Amino acid sequence: MSNIWTRIKDSISADLHNMLDQKEQHNPIASLNQYLRQSEQEKEKVRKLVERQYKLRDEFAREYQKAQDMADKRLKQAGIAEKAGEEEMHTFAVKEHEEYQARADRMKTSRAEAVQQLETLEQKYEEMKHKLKDMHLRRMELMGRENVAHANQQISQVVEGTSDKLFSRFEELEQYIESLEYKVNSSYYRSTFDSKMAKLEKELQEQTN
């Protein structure tokens with residue numbers, strides 16, 4: 001049963017990868033955007049690690065200071081007990097001093113390591129931010145080039161695909177205008193013919209008289 005589910009899962013996974021590969025080929029900018037979103041998520045994870053390292057550094061510093069204060073306190077108490085002749089209290093204070101001092105030394109070393117690790121993390125984090133910024137700018141440049149390419153493609157399709165049709169439409173329009181002008185002129189000639197004839201007839205009668 002588990003083998004069947006494994007085969008089904010592998011089949012679905014393979015289909016999904018093929019679909020994503022095809023999508024990437026058809027739309028590389030969308031694929032780049034997805035990659036950048038993932039990179040931003042990774043950057044956020046690193047930022048949180050850097051913040052955590054800051055907290056660890058401060059915690060090591062606090063623990064170091066607490067242990068060192070107790071070590072100094074027990075050392076002072078050991079001296080007082082020794083002067084007072086309290087051997088048991090002196091022994092206890094010395095042992096406590098050694099334990100606290102060892103803890104303080106360990107916390108001091110841990111803090112120093114945390115500081116060094118923090119510096120390395122910050123450097124890498126800054127490098128990551130610069131690279132991501134460069135990638136965002138590069139994406140903008142690619143989008144600009146893609147827009148120009150699409151615009152040129154659209155222009156070419158319009159010019160090449162409709163040029164013959166446009167010239168044909170212009171010819172039809174010119175013929176229509178010429179026909180309309182002829183009709184207008186003919187109508188104007190007819191409408192003025194009678195008045196011109198009446199005027200001409202009147203002029204001839206006057207000449208006869």
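As the structure is a prediction and not an experimental result, all values here were calculated from the model.
- Atom OH of Tyr125 and atom CD of Glu51 lie 8.0 Å apart (nearest 0.5 Å).
- Side-chain atoms of Asp72 and Lys76, non-hydrogen and from C-beta on, never get closer than 4.5 Å to each other.
- When every heavy atom of Gln101 is checked against every heavy atom of Ala71, the shortest pair comes out as OE1-CB, 3.5 Å.
- Taking 4.5 Å as the limit, some side-chain heavy atom of Leu132 sits within range of a side-chain heavy atom of Met128.
- By the 4.5 Å heavy-atom criterion applied to side chains, Glu113 and Thr109 are counted as neighbours.
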Hey, mind stepping through Met70 and Arg74 against side-chain contact (heavy atoms from CB on, under 4.5 Å) and telling me if it holds?
-> CA-CA 6 Å; Met70 287 300 298; Arg74 289 292 187 259; 3.7 Å; yes
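- The nearest pair of heavy atoms linking Val50 to Leu121 is CG2-CB, 4.2 Å.
- Residue Lys133 holds its NZ atom at 15.5 Å from CZ of Arg138, rounded to the nearest 0.5 Å.
- The salt bridge (Lys or Arg N to Asp or Glu O under 4.0 Å) check on Glu87 picks up nothing, with sequence neighbours excluded.
- Thr120 places none of its side-chain heavy atoms less than 4.5 Å from the side chain of Gln117.
- Shortest non-hydrogen contact noted between Ala114 and Arg57 is CB-CA, 4.2 Å.
- No continuous path of ILVMFWY side-chain contacts below 4.5 Å connects Ile80 to Val94, so the two sit in separate hydrophobic clusters.
- At a threshold of 4.5 Å between non-hydrogen side-chain atoms, the residues Lys108 and Phe60 do not count as touching.
- A distance of 12.5 Å separates CD in Glu127 from CD in Glu122, rounded to the nearest 0.5 Å.
- Taking the side chain as every heavy atom from C-beta outward, Arg62 and Gln65 never approach each other to under 4.5 Å.
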Applying side-chain contact (heavy atoms from CB on, under 4.5 Å), run through Asp58 and Lys55 and close with a yes or a no.
-> CA-CA 5 Å; Asp58 295 341; Lys55 293 179 180 178; 5.8 Å; no
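- Rounding to the nearest 0.5 Å places CG of Asn33 at 11.5 Å from CD of Gln38.
- Ion pairing between a basic and an acidic side chain is recognised when a charged N comes within 4.0 Å of a carboxylate O; Lys95 and Glu98 show no such pairing.
- Side-chain contact between Lys73 and Asp69 is absent, with no heavy-atom pair separated by less than 4.5 Å.
- For residues 30-43, the set of pairs meeting the salt bridge (Lys or Arg N to Asp or Glu O under 4.0 Å) definition, not counting sequence neighbours, comprises Glu40-Lys43, Glu42-Lys45.
- The structure places CD of Glu146 at 11.5 Å from CZ of Arg139, a figure rounded to the nearest 0.5 Å.
- Heavy atoms of other residues, nucleotides or ligands lying less than 6.0 angstrom from CE of Met89 number 12 at most.
- Between atom CG of residue Leu142 and atom CG of residue Asn147 there is a gap of 11.0 Å, rounded to the nearest 0.5 Å.
- Ion pair Glu44/Arg47 flagged as a salt bridge, since at least one NZ, NE, NH1 or NH2 atom sits closer than 4.0 Å to an Asp/Glu carboxylate oxygen.
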Report the C-alpha separation of Lys124 and Val46 in whole Å, then their side-chain angles, then the decisive distance to 0.1 Å, and conclude whether the side-chain contact (heavy atoms from CB on, under 4.5 Å) test is met.
-> CA-CA 9 Å; Lys124 291 183 178 180; Val46 174; over 6 Å; no
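- The environment of Gln116 atom CD is sparse: at most 12 non-hydrogen atoms of other residues, nucleotides or ligands sit within 6.0 angstrom.
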With side-chain contact (heavy atoms from CB on, under 4.5 Å) as the test, would you mind laying out the steps for Arg106 and Tyr64 before giving the verdict?
-> CA-CA 8 Å; Arg106 189 168 71 252; Tyr64 160 74; over 6 Å; no
